[in-house]
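Just the heavy atoms: all of them, side chains too, but no hydrogens, waters or symmetry mates, feed the values below. Model, not experiment: these values are computed from the prediction. Here, residue 1 is the first one in the sequence, and each next residue gets the next number.
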Amino acid sequence: MDDKKQIRTVKTDLPHNIIMENRSKISVSGVENAESYNETEIILHTSKGILIIKGEGLNLSKLNLDSGEITVNGRIALLEYAQPKQSGSSFFGKIFK
């Protein structure tokens, strides 16, 4: 008899917090993935949704996905949560429910 163990990864809901200091530094917890980043826009997947940070001279000074923490420096102009794309919300998706 083959005795194999299955390992299941249970995703926990990381606490999500944002701390902004003088619009020049932002610390975010609950980060699951950094999708993209450049000097004007950073897109993060957090435990509470997709967070978009826009500004000028943005720089990731700390990125630790194991603990879910990220720190960004630069001139922060916008913080926005994006709605995830829902499957079946297209024209044909509504027709063929």
Side-chain angles (χ1 to χ4, degrees):
M1 184 186 256
D2 204 2
D3 190 20
K4 293 183 181 179
K5 293 182 181 179
Q6 287 186 334
I7 299 173
R8 291 182 63 187
T9 304
V10 178
K11 188 175 180 181
T12 59
D13 194 24
L14 296 172
H16 177 58
N17 296 299
I18 298 175
I19 299 172
M20 186 184 308
E21 300 173 30
N22 297 319
R23 290 185 65 184
S24 62
K25 180 180 178 183
I26 186 169
S27 300
V28 183
S29 64
V31 177
E32 297 170 348
N33 187 21
E35 181 176 312
S36 67
Y37 53 92
N38 58 43
E39 290 186 352
T40 59
E41 182 180 72
I42 299 174
I43 301 175
L44 305 172
H45 290 262
T46 72
S47 59
K48 300 300 180 190
I50 298 171
L51 175 63
I52 301 169
I53 303 169
K54 291 187 180 183
E56 297 173 5
L58 300 179
N59 177 24
L60 295 177
S61 62
K62 176 184 172 185
L63 173 62
N64 187 341
L65 295 178
D66 291 333
S67 64
E69 298 177 356
I70 189 171
T71 301
V72 176
N73 292 317
R75 186 178 178 282
I76 298 161
L78 172 76
L79 297 175
E80 178 181 35
Y81 285 93
Q83 295 294 333
K85 293 181 181 179
Q86 297 177 359
S87 61
S89 61
S90 68
F91 175 73
F92 290 111
K94 290 177 183 176
I95 292 175
F96 298 112
K97 265 187 167 180

To the nearest 0.5 Å, tell me how far [X] [atom1] sits from [Y] [atom2].
{"X": "Glu32", "Y": "Lys48", "atom1": "CD", "atom2": "NZ", "result": "10.0 Å"}
{"X": "Glu80", "Y": "Ile43", "atom1": "CD", "atom2": "CD1", "result": "10.0 Å"}
{"X": "Ile52", "Y": "Ser36", "atom1": "CD1", "atom2": "OG", "result": "9.0 Å"}

Does a sphere of radius 6.0 Å around CD in Glu41 hold more than 12 heavy atoms from other residues, nucleotides or ligands, not counting ones at 6.0 Å or beyond?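 Yes - once you tally the heavy atoms of other residues, nucleotides and ligands closer than 6.0 Å, there are more than 12.
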Between Arg23 and Ala77, which heavy-atom pair has the shortest distance, and what is it? NH2-CA, 3.5 Å
Minimal heavy-atom distance between Pro15 and Ser47, with the atoms involved, is C-OG, 4.3 Å
In the hydrophobic clustering (ILVMFWY, side-chain contacts below 4.5 Å, transitive), which residues join Ile19, or is it alone?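 So far as hydrophobic clustering goes, Ile19 is joined with none.
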Which other residues end up in the same hydrophobic cluster as Leu51, if Ile, Leu, Val, Met, Phe, Trp and Tyr are linked when side-chain heavy atoms come under 4.5 Å apart?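 Members alongside Leu51: Ile18, Met20, Ile26, Val28, Val31, Tyr37, Ile42, Leu44, Ile53, Leu58, Leu60, Leu63, Leu65, Ile70, Val72, Ile76, Leu79, Tyr81.
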Between Ser61 and Asn59: side-chain donor-acceptor atoms closer than 3.5 Å: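 No - no donor-acceptor pair under 3.5 Å links their side chains.
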Taking 4.0 angstrom as the limit, do Glu69 and Lys62 come out as a salt bridge?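 Yes, Glu69 and Lys62 are salt-bridged.
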Test your reading of the model: is there a side-chain donor-acceptor pair from Thr46 to the backbone of Gly30, 3.5 Å cut-off? no
